[in-house]
Every structure is written in C-alpha cells, then in structure tokens.
Amino acid sequence: MTTRTKKQGSWRTVKREEDGCAYRMMGKGKILRRDQIDTQGLDMPNKLDDLIHDLTNMEEDRMDVVLQRKNVPSSFTGQKMALNHTRGLEASLSAFSFLFSEMIQYSQKRVAGVADLEKRLSNFGYRVGMRELELTLWREKNAKRETRVLGILVFINSTLWKSLFGKVADSLQKSNDHDDEYMITDNDPIILKYISTPKELSSFNAGAFLAGIVEAVLDGCHFAARVTAHSTASDQFPSCMTLLIKFDKSVMQREKAFEGK
Amino acid sequence: MPLHSLYIINKAGGLIYQKDYTDGIAKLSSNEYLVLAGTFHSIHVITSKLSPIPGSSGIEVLETDLFKMHCIQTPTGTKFLLVTDPLQANVDALMRKVYEVYADYVMKNPFYTPEMPIRAELFDLNLNKLIKQINA
C-alpha cells in the first residue's frame, strides 16, 4: 500500500500509491498528510509542524482522518466520520422551533387556505423525508428492504421516529373501517411543542410537515401512500397528533399477493 | 402567600396580557386595564429619568401593606408585572420562569404577531401550571 522513499533526519517520508499522496512520518505511527506533493521536493512547510503534536498513534490505513485536529468539529473538516456519528449531534429545539415557525409564517403568506398551507408544509417535509430515509438506513446496522406493509410501518414507528425524535411513536393502529388505512399517534410531538393553533384555523395541523416526511419515506420504499396529520388533542396531551396513512391500491394488491403465498 | 395577577406590557405601553390568579380581585373593564398599563408604562419611564444615577432602569418593586408589585423589563422592552402577596418569597426566580414560558410558548408560536395581544392556548396552559405550583 505504501512505499517508503527517503529518510530526512528523524523524518521518514512515505508515498501512498493509490492517490500519489506523500506523507511524513515521525517515530512509530505518527503521520502527517500532505496532499498531492511531488515526491522529489519533499519539504514540509514549517507552519504545519505544530500539527504533529496533535497526532497520536495514527495507523497508516487511517490517514484520511489525520488532518482532523483537536477542537475542530468533524463537520467542519468534512471528514467521513460525521455521518455515522450521532451522539451529541442533537439539534437545538429552540433553533428548530424558530426555523419551523418562520417556515409556517412564510407559507401562510403565500397560500389561499388551510388545505393549501398543509400541502406546502407537506412538500417541505417530503424533501426532508427523502434524505432522512437514506441517512437512517445508512446508519442502521441491520438494515433490510421492507416488502410488507407491517414491516415498513414498524420501521417508521420505531427506527425512523427514534432517529428523528429520540423516542418511538406512542401507538400504531390499523383502521377498523378501512383495510388500507393505518394510524401512527404521537402524544407529545416535539415539533408541535410550542405551537398553539388559533381557533379560526382549528382544522390546520402543523404536523403536515411530519406527514410529508413519512410520505416521502413510504414513497422511497415503494409503498405509495397519502399521509395526513390530524389533531387528537386531549386535556392530558394538548398537542397530541395522529398521522393517517392511506396506502395506494397497488400496494394493497401486492400485499394480498404476498398473503396468498 | 399567593400570587395575585400578571400583566404583560409591550414596549409601546400597550397591555398584551392580563390574568388574575386569586379570587376576590376587583374586575375592571378592559379599557381600564389598558389605562392602568399605560399609566404604569409612563411611571416606569419617569422613575428611570428621576434617578440620580444615569442609565438606571425604571421602578422594580412597589410595596404596600397588602400587596407587592414586581416589574422586570426584558432587553426588547417588554415588561412583566407581577402582583403578589407582600410575603411571597423568591419572586425573582418566579419572574424568570414566567419570562421563560413567554419566550417558549409565545415567541416560538408561528401564529403570534409581536406586540399584539397574546392569545395562545399553550401559553395559558403552561402559565396556569406554573402558578398553580406557587399558589398551592
């Protein structure tokens, strides 16, 4: 993988063959990366030398993280580590609430009625959901492609909810009247924590954003469905919300075919 | 040692929220409440001008035999007025909590227009919860 080329004082310079990058090594395993330098002119700029003190026992096959200095968040250095590293990366609820509040106010100025407003929020959510699905599956250890309705609903109810809100949804129910309708209930949805819907807009539910996310996830897994958000508030849970999921005919037909097997 | 009432006054001196929390407080007409808030706003400005030390804030506490009135002004000029029993302890901490509830359930609510009267269900709910603890 690497070839040693030259010895300069206490430094060894190595070259990785795949990308032609040269690295400088000091003692055992201390490495500093320098991008795309010619192996002929092997001098390092002195200002980088202090970087060396930050490096500890780096292995040769971990060279891609060498430039990550202490006190620099991994998201700034653009390293691969950021994606599967979730601990301590929670977003601020205040920041989210203000942003979400602005999204609603922005949309409200540009729509004719409640249905339109919910549609717009749902579209915002759809864009989030597409990306969230990709990321959640990528982070999941034993991710598999769901083929059954129940499987995908449980995935949304637990895995997706956990990655979005850090907890599972409070209930997952099947509609009594229609075979193709399912309901996911969250007693205290965190995105609605600070939102009081005024009386004149009582049919509006800002959870339409969440409905959009779920719709995108279902769509992305080839379970075409229409998802709508409804308020099911009670005295105990003033912002309780239910997502109504109505699957497309094609999905139900496929489900029947599976059952027949 | 209960907390009697809460007033929130916007930076222009308009009353945007008023609630009584104990029984037996004389009810005024909504116009009289507005006048009361406007008057307090003016007194607040005058007191800060009267102070011999330049840059002083306005009146903070008004004490009588029967009640005590506490006022804090936020950096944006909104004033919170709490009317409490003269023996009520820890009003400062309580005031902070009220401010926190306001910041959460009023300012983060997409349907609230700044400087306008507050009508938010969750704000009422959480404020009642907080004050019930104090008055219990």
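Chain letters run A, B, ... following the sequence lines, proteins first and then strands; every chain starts at 1. If you're wondering where the values come from, they're calculated on a predicted model, not measured in any experiment.
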By a 4.5 Å heavy-atom criterion (distance strictly below it), what part of B:F111 contacts chain A: side chain, backbone, both, or neither? side chain
Does a sphere of radius 6.0 Å around CZ in A:R110 hold more than 12 heavy atoms from other residues, nucleotides or ligands, not counting ones at 6.0 Å or beyond? yes
Spacing of B:L94 atom CG and B:L130 atom CG [to the nearest 0.5 Å]: 5.5 Å
Between A:S97, A:P198, A:P238, which residue shows the highest count of heavy-atom pairs closer than 4.5 Å to chain B? A:P198
Of the backbone (N, CA, C, O) and the side chain (C-beta and beyond), which part of A:S239 lies under 4.5 Å from a heavy atom of chain B, both, or neither? neither
Tell me, for A:L99 versus chain B, whether the close heavy atoms (under 4.5 Å) come from the side chain, the backbone, both or neither. neither
Side-chain donor-acceptor contact under 3.5 Å, B:Q18 with B:D20: yes
More than 12 foreign heavy atoms under 6.0 Å from CG of A:D179: is that the case here? no
Would you mind checking which part of A:Q108 comes under 4.5 Å of any heavy atom in chain B, side chain (CB onward), backbone (N, CA, C, O), both or neither? side chain
Please tell me whether B:T76 and B:T74 have a donor and an acceptor in their side chains that are separated by less than 3.5 angstrom. yes
Around atom CD of A:Q236, are there more than 12 heavy atoms of other residues, nucleotides or ligands at under 6.0 Å? no
Please classify the contact between A:Y106 and chain B as side chain, backbone, both or neither, with a heavy-atom cut-off of under 4.5 Å. neither
Under 4.5 Å from any heavy atom of chain B, what part of A:L201 do you find: side chain, backbone, both or neither? side chain
